[in-house]
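Every chain is numbered from 1 and lettered A, B, ... according to where its sequence line falls, protein lines coming before strand lines.
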Amino acid sequence: MATVSMTVNGNAVAADVEPDTLLVDYIREHIGLTGTHVGCDTSQCGSCCVMLDGDSIKSCTMLAVQAEGAEVTTIEGVADNGEFHPMQQAFHDNHALQCGFCTPGMVISAIDLAAKNPDIDEAGVRRGLEGNLCRCTGYHNIVKAVLAGAQAMKG
Amino acid sequence: MTEHGIGVSVKRKEDRRFLTGNGNYTDDINRPGQTYAYFLRSQVAHAEINGVDTSAAEQADGVLAVFTGADLAADEVGGIPCGWGLTFQNGDPMIEPAHPALAQGKVRHVGDAIAVVVAETRKQAKAAAQLIEADLNQLPAVVDMKKAIEGGTLVHDEAAENTCYDWAIGEKADVDAAFDEADHVTSIDIVNNRLIPNAIEPRVALAEYEAASGDYTLYTTTQNPHVIRLLMGAFVLQIPEHKLKIVAPDVGGGFGSKIFHYAEEAVLTWAAAKVGRPIKWTAERSESFMTDAHGRDHVTHAELALDKEGKFLGLRVRTLANMGSYLSSFAPAIPTYLHATLLAGVYTTPLIYANIRAVFTNTVPVDAYRGAGRPEASYLLERIVSKAAREMGIDQVEIRRKNFIPSDAFPYQTPVALQYDSGDYEATLSAALEAADVDGFAERKEAAARDGKLRGLGYSTYIEACGVAPSAVAGALGARAGLYESAVVRVHPTGSVTVFTGSHSHGQSHETTFAQLVSEQLGVDFEAVDIVHGDTSKIQFGMGTYGSRSLAVGGEAILRAANKIVDKGRKIAAHILEASEADIEFADGSYTVKGTDKAMAFGEVALAAYVPHNYPHETLEPGLEESAFYDPLNFTFPGGCHVCEVDVDPDTGVVDVVNFTAVDDVGRVINPMIVEGQVHGGVTQGIGQALMENAVYDENGQLLSGSYMDYTMPRADDVPSYHVSTEETLCAHNSLGVKGVGEVGAIGSTPAVINAVVDALAEKGVTDVPLPASPQNVWRALQEAGA
């Protein structure tokens with residue numbers, strides 16, 4: 001067992017875990033934040049995306065010990081005191097989610113994409129979300145939402 | 001129309017919890033003392049089990065128990081049942097082999113469960129499973145359906161020629177006579193590719209047993225908790241309904257694959273009592289690929305007889321339908337009840353004969369996947385109609401118009417059992433032609449040619465039968481259950497409302513759509529209505545969500561319960577307002593006495609029902625809660641026109657969908673935003689089937705496309721944005737006039753895409769491309785045509 005400490009959504013957390021514990025299992029099972037999902041356990045679907053030191057990463061493909069000391073933001077930490085982040089608001093306004101399972105990873109990826117590419121266009125969004133699978137929406141409304149969310153984040 | 005009423009794109013109630021990480025999916029639930037299960041699965045497709053030695057696994061760290069099929073047999077646990085019985089043409093019942101929850105005697109597909117390990121942690125369970133020694137005597141596997149019926153190894157000894165049933169509909173002699181008279185016959189061979197549903201949430205089960213009360217609880221990722229309670233309780237574990245609670249909380253997509261009762265649910269529920277602690281199982285994605293029921297997988301030869309004008313005279317269809325290794329819950333119904341009965345499509349074809357032979361193979365069971373039988377029917381029809389037009393030199397639109405059932409011909413009785421109640425196929429076609437700017441296609445094709453691309457245009461004018469279904473019709477065709485829906489509307493003393501529905505939302509937005517419906521019907525605020533679903537201990541009964549039935553069947557049940565509320569309220573208001581019941585009118589949330597200014601708000605009536613000081617006690621009970629069961633008189637028949645425009649790169653075979661237009665008639669639209677979202681998702685799955693997705697087995701029964709690296713799911717950059725709109729004819733037999741929208745996208749789109757690809761390649765001499773039209777398949781078709 002190893003004690004792994006990091007900051008999650010602004011809170012200092014620590015847990016004793018097996019050295020081979022994945023970051024996503026650390027977050028879900030040890031910290032108890034179940035908003036981050038596991039859809040494929042092979043880095044293909046993106047449901048497990050979290051922000052780690054400012055980048056969207058797939059938390060099923062990283063060991064918790066590798067995130068020692070990191071700043072992590074999960075979907076639970078995206079809203080500000082109950083106020084939607086502009087990207088969450090854009091997803092809501094554009095019906096960019098149906099079953100909601102891919103949504104946490106999709107929103108995290110979208111925030112990262114828009115933050116780094118404020119003037120992104122449709123082709124850029126489609127390319128940028130290539131690592132996130134959604135089976136419900138056909139991406140149509142997700143793309144609309146990310147374009148709207150990117151605009152709102154600029155403001 | 002109110003701000004949140006019928007016809008308004010109200011934003012969804014369910015979004016906030018999903019967008020903030022507060023969804024409650026099955027894997028998010030943990031119970032005190034919880035243990036974990038891991039299933040040891042067969043790595044070979046077909047083998048005799050000589051023995052399973054679990055002794056080392058039982059001694060491993062953290063292991064509480066290891067169970068095999070022998071343990072289930074010793075406890076007289078039943079097999080996984082099938083909910084639908086078909087017959088051979090001579091009336092003999094279909095062959096229905098046993099489906100043990102853990103393999104007994106043989107394993108029959110890669111992924112068939114041999115044993116389950118229960119341990120303190122998931123890791124310990126998985127590690128211990130590797131210590132189990134299964135002594136298997138490998139047998140030849142049969143994967144290809146044609147080989148299976150022509151002397152291939154038997155998947156089940158009792159199923160001669162691996163045939164589950166050989167069934168037919170229509171008068172063959174009459175249809176043959178029509179072919180004798182025909183001026184032209186078009187024939188087509190189709191392999192409707194096998195698909196893997198791939199809801200992004202893997203299946204999960206968490207079972208718990210309370211010894212003191214004898215109560216079982218199963219949390220599971222299902223689309224229909226009461227159906228699971230019925231199948232598992234009555235047929236597998238002999239647990240009566242009042243001792244078995246099934247909870248399907250937030251479910252992350254289903255697309256059909258979460259309808260069925262799966263072995264893991266039964267094994268965990270049984271084992272939870274044996275071990276005396278809760279047990280959780282969460283599928284790894286590779287397990288999803290090799291245990292979730294697959295979809296489609298038909299091999300069809302079809303012939304269309306036409307007169308010299310291009311009028312259809314008859315249709316003859318012969319289909320092999322893959323059942324996989326065991327019969328999944330509704331598998332036998334898909335190629336028959338939901339496929340063969342749809343073969344009239346939107347056309348007046350007077351004579352139709354279809355022969356369906358269901359075949360066992362050493363593959364994962366095949367069952368309903370979004371559309372379930374209807375995509376296969378639409379694909380067959382729309383491909384053969386397009387091919388006939390091309391062969392006869394008739395315009396693609398013209399041949400369809402020439403054969404449409406006219407809008408004044410409803411109700412229209414087809415030759416294959418169904419009676420369509422309403423529709424206007426010309427309306428959706430002409431709207432689609434305009435929206436797709438078909439007039440400008442020639443110019444766009446020229447422009448594409450200048451870029452070295454082959455541009456093609458493809459149509460699909462489809463219909464589907466949904467809102468499944470009338471119980472009497474389903475029963476006559478082999479269903480072993482009813483297909484009604486139930487609802488309870490509970491009005492609280494202060495006038496807020498809780499609706500309990502037997503439908504289940506796993507993305508369909510019921511919490512919003514149903515609240516709009518009730519808000520409009522009772523005149524209460526949208527925010528004052530909550531929808532409860534997915535828990536057999538809360539919902540009186542339900543048949544669940546599939547076949548685009550939630551609004552057309554479940555919504556109608558809610559409406560009927562709400563109408564009973566209105567009627568009871570009228571009696572209360574009449575008493576308090578000292579008027580005759582016949583003089584009380586209800587509108588916009590208020591009861592008024594006709595011709596006077598005397599009125600009571602709905603909330604006041606609710607309060608009076610629970611504080612019945614001034615109340616007609618002689619004739620009326622206090623309280624304001626009503627229940628309804630609704631069994632429809634007919635299916636609903638959404639339909640429409642999809643137009644697809646593609647660019648094909650002749651050097652690489654890559655197909656790019658550049659425009660996709662869908663104009664659908666789904667009846668009355670409650671929430672346009674949600675309806676469009678359903679179409680977007682369905683169309684993307686249809687494009688996935690057309691261009692990318694394919695479940696591939698090798699001849700030994702190994703699933704080659706068993707991961708997201710190999711099974712090509714549509715991603716954001718594989719599809720364009722769509723043009724989606726609706727035309728409206730009302731369903732004639734439900735009071736909302738709704739038809740359902742869940743499956744139209746997946747049913748209408750696939751043939752439009754392939755017709756567009758064939759159109760693009762026609763100038764190179766290509767007349768057909770197989771599903772999926774992957775770069776390899778397209779490039780090969782071009783080479784074979786000598787292009």
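Neither the backbone nor the side chain of B/Asp250 comes within contact range of chain A, judged by heavy atoms closer than 4.5 Å. For a residue to count as touching a neighbouring chain, one of its non-hydrogen atoms must lie under 4.5 Å from one of that chain's; by this rule B/Ile687 does not touch chain A. With a threshold of 4.5 angstrom between heavy atoms, B/Val683 does not approach chain A through any atom at all. For B/Val724, no part sits under 4.5 Å from any heavy atom of chain A, backbone or side chain. Heavy atoms of B/Asn198 lying under 4.5 Å from chain A belong to its backbone as well as its side chain. Interface remark: B/Arg16 contributes backbone and side-chain atoms alike to the contact with chain A (heavy atom separation under 4.5 Å). Of the atoms belonging to B/Ser721, heavy atoms from both backbone and side chain fall under 4.5 Å from chain A. Interface remark: B/Asp27 contributes backbone and side-chain atoms alike to the contact with chain A (heavy atom separation under 4.5 Å). The part of A/Thr137 that comes within reach of chain B is its backbone (N, CA, C, O), which places non-hydrogen atoms under 4.5 angstrom from that chain. Interface remark: A/His37 contributes side-chain atoms only to the contact with chain B (heavy atom separation under 4.5 Å). Of the atoms belonging to B/Tyr25, it is side-chain heavy atoms, and not backbone ones, that fall under 4.5 Å from chain A. With a 4.5 angstrom heavy-atom cutoff, B/Glu676 does not touch chain A via any of its atoms.
A/His95 and A/Asn141 are not linked by any side-chain donor-acceptor pair at a separation below 3.5 angstrom, with hydrogens and angles left out of the test. For the 3.5 Å distance criterion, the side chains of B/Ser509 and B/Glu14 fail to qualify, holding no donor opposite an acceptor. A donor and an acceptor atom, one from each side chain of A/Asp16 and A/Thr3, are located under 3.5 Å apart. Using modelled atom types and a 3.5 Å distance limit, the side chains of B/Ser707 and B/Asp710 yield a donor-acceptor pair. Side-chain contact annotation: A/Ser59 with A/Tyr26, donor-acceptor N/O pair under 3.5 Å absent.
Between chain A and the options B/Gly23, B/Gly677, B/Ser286, B/Gly253, the largest number of non-hydrogen pairs under 4.5 Å is found for B/Gly677. Of the listed residues (B/Gln678, B/Arg12, B/Lys11), the greatest number of heavy-atom pairs within a distance under 4.5 Å of chain A belongs to B/Arg12. Of the residues considered (A/Val107, A/Leu129, A/Leu97, A/Asp93), A/Leu97 shows the highest number of contacts with chain B, using heavy-atom pairs under 4.5 Å. Chain B forms the most heavy-atom pairs under 4.5 Å with one residue out of A/Gln44, A/Glu122, A/His85, and that residue is A/Gln44. When B/Ala283, B/Ser288, B/Pro720, B/Gly682 are compared by the number of non-hydrogen pairs under 4.5 Å with chain A, B/Pro720 comes out ahead. Per-residue counts of heavy-atom pairs under 4.5 Å with chain A were compared for B/His680, B/Arg285, B/Arg370, B/Gln508; the largest is that of B/His680. Top candidate by heavy-atom pairs under 4.5 Å with chain A, chosen from B/Pro202, B/Ala199, B/Ser9, B/Ser505, is B/Pro202.
With respect to B/Arg17 and B/Glu511, a salt bridge is recorded, a charged nitrogen being found less than 4.0 Å from a carboxylate O. Taking a cutoff of 4.0 Å between a charged side-chain nitrogen and a carboxylate oxygen, B/Lys258 and B/Asp292 do not qualify as a salt bridge.
Looking only at distances, no side-chain donor or acceptor of A/Ser47 sits under 3.5 Å from a matching main-chain atom of A/Val38. A/Tyr139 places no side-chain N or O within 3.5 Å of a backbone atom of B/Asp718 that could act as its donor or acceptor partner.
With a 6.0 Å cutoff to the six-membered ring centre and a 45° limit on the axis angle, B/Lys126 does not count as a cation-pi contact of B/Tyr36.
Residues satisfying the salt bridge (Lys or Arg N to Asp or Glu O under 4.0 Å) test with A/Asp20, not counting sequence neighbours, are B/Lys123.
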> Between B/Thr291 and B/Arg41, does a side-chain hydrogen bond (donor to acceptor under 3.5 Å, both in side chains) hold up when you go through it step by step?
Replying inline: CA-CA 10 Å; B/Thr291 66; B/Arg41 299 186 182 280; 4.8 Å; no
